Amino acid sequence: MKHRIVVLGAGYAGAYAAGNLARRLSPADTEITVVNAEPDFVQRLRLHQLAAGRPIEAPRLADVFAGTAIRLRLARVTAVDPERRTVTVADAEGGGEIGYDTLLHALGSHVADGGVPGAAEHAFEVAGRPSALRLRERLDRLGEGARVLVVGDGLTGIETATEIAECRPGLSVTLVARGELGARLSAGARGHLRRACDRLGVTVLEHTCVQAVEAARVLCADGTALASDATVWTAGFAVGPIAAASGLEVTGDGRIVVDRTMRSVSHPEVYAAGDSAYALGDNGRPLPMSCASAGYTGRQATNAIVGRLTGRRIPTTRLEYVGNHISLGRRDGILQTVDDEGQAKPAYVGGRKAARIKAGILAMSLWATSHPTFGLPRRTHRLAAVPHASAERRVAA
């Protein structure tokens, strides 16, 4: 009987890992299934651009996995039972169960409303393609001078506010920051960010806490009411409840606790990658939710699965976070490097050069995901009859 590998999610981590597994493991021994709710690969890093009105490429997953023998199941994951080793899914035909021997959990994250009343009902968000398109439709209906409030001063909030302001100059865009704008950036980068907001006409409200969202306004902790024709919520992300409900060991925020090889510490047949994983970086700190982390953890999980199933040595993938890449519209940006403590270094790159570098990173991420088997050896590995216990200990330092 073939060894059944099921990959949940086909984002940056899941799609790349699935393609790598298909190229490296013999189809005579393995059967790989990818479960994803949408038929297309979603460039999550560019969803704020899609919402603002720019065309964004969305390769079909059937084309991405063409020639790999991967089975693509278009369905929504509703539950995982690690004791029975099954995944329950829902689709247009009613869904069902998928059995697995090895599971890679890469379902990613969604926007977190933080329990703020009205945020889920009245605010738009850019964490998924359907939601980004809903915001785009809303912006299309707004007239000259309409007010757009972007709540959240993290990277997504900054990129969303500046992108909308540049793409739709007739709108009045306000960025609501809970603290100081760009607080995690160096002094020079903070200054660059402020100048960019001034140039694009983005109003910044610092040290402002939103307590409620209504259909046409936002209520702040100091009693201020901010009128809004479209409120965009970007104040944080969270993972879904599936992992926690399954009985896997998770953190308080629902991420799967993994070891250095991305293997669940509670269920050895389960691996996690991307935003779903709570992984410690090489500096001893948890990796942040990011595309870079998805790449590192996806590669490490792939190496571990291949190594354990074939009895080979498991190489160690670096787990590091070197900095933030921030788009400020299409012609400006900031590249801010950080040290091992996650603190911003004094130097930064800004302007068109930073924008070109960010655009290159996005293009490279899309190409690598769309060609998951490029550069890999064509000779696949057969599975060991029983994965050798010694492989468990041969993890590169």
Side-chain angles (χ1 to χ4, degrees), residues 5-22 32-51 56-65 68 70-78 80 87 89 103-112 125-133 155-156 159 234 236-243 254-256 258 262 270-279 287-302 305 317 321 325 361-373:
I5 301 175
V6 175
V7 180
L8 304 183
Y12 290 106
Y16 188 79
N20 273 257
L21 290 169
I32 301 174
T33 301
V34 174
V35 184
N36 200 64
E38 296 187 39
D40 304 320
F41 173 72
V42 176
Q43 293 193 72
R44 185 166 178 176
L45 292 177
R46 299 188 64 189
L47 287 179
H48 62 288
Q49 298 173 13
L50 179 66
I56 302 300
E57 187 177 353
R60 292 185 62 81
L61 291 173
D63 296 332
V64 170
F65 297 136
T68 64
I70 289 174
R71 299 182 177 186
L72 176 61
R73 180 71 180 271
L74 297 179
R76 180 172 56 87
V77 178
T78 59
V80 173
V87 176
V89 301
L103 181 73
L104 175 56
H105 192 297
L107 289 176
S109 61
H110 60 269
V111 71
E125 45 101 352
V126 295
R129 183 177 175 84
S131 57
L133 288 173
L155 304 188
T156 302
E159 291 191 327
T234 66
F237 297 94
V239 299
I242 290 175
R255 288 185 289 171
I256 299 171
V258 297
M262 303 302 116
V270 177
Y271 295 78
D275 291 352
S276 300
Y278 179 81
L287 290 175
M289 294 182 181
S290 69
C291 177
S293 298
Y296 295 144
T297 56
R299 283 193 292 274
Q300 182 62 81
T302 302
I305 292 171
T317 300
Y321 194 75
H325 307 141
I361 292 172
L362 294 177
M364 180 177 64
S365 298
L366 174 62
W367 195 93
T369 305
S370 301
H371 302 78
T373 63

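Note that the structure is predicted; figures quoted are calculated from it, not measured. Just so you know, residue 1 is the first one in the sequence shown, and it goes up from there.
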Between [X] and [Y], what is the shortest heavy-atom contact and its length?
| X | Y | answer |
| --- | --- | --- |
| Cys291 | Ser365 | SG-OG, 3.9 Å |
| Arg255 | Asp275 | CD-O, 3.2 Å |
| Gly108 | Ser276 | N-OG, 3.1 Å |
| Ala18 | Val7 | CB-CG2, 4.1 Å |
| Ala127 | Val111 | CB-N, 3.8 Å |
| Val126 | Ala51 | CG1-CB, 3.9 Å |

Look up atom [atom1] in [X] and atom [atom2] in [Y], then write down how far apart they are to the nearest 0.5 Å.
| X | Y | atom1 | atom2 | value |
| --- | --- | --- | --- | --- |
| Leu104 | Leu8 | CG | CG | 7.5 Å |
| Ile32 | Ile70 | CD1 | CD1 | 5.5 Å |
| Ile242 | Arg76 | CD1 | CZ | 8.0 Å |
| Met262 | Ile256 | CE | CD1 | 11.5 Å |
| Ser293 | Tyr12 | OG | OH | 13.5 Å |
| Arg299 | Thr317 | CZ | OG1 | 6.5 Å |

Tell me, do [X] and [Y] make a side-chain contact under 4.5 Å, heavy atoms counted?
| X | Y | result |
| --- | --- | --- |
| Leu133 | Arg129 | yes |
| Pro130 | Glu38 | yes |
| Gln49 | Leu362 | yes |
| Phe41 | Leu366 | yes |
| Tyr271 | Gln300 | no |
| Thr234 | Glu159 | no |
| Leu61 | Val34 | no |

Do other residues, nucleotides or ligands put more than 12 heavy atoms under 6.0 Å from the CZ atom of Arg71? no
If only atom types and distance count, is the side chain of [X] paired as donor or acceptor with the main-chain N or O of [Y] below 3.5 Å?
| X | Y | result |
| --- | --- | --- |
| Thr302 | Leu21 | no |
| Thr33 | Val6 | no |
| His110 | Phe237 | no |

For a quick check under 3.5 Å, do Arg44 and Thr156 share a side-chain donor-acceptor pair by atom type? no
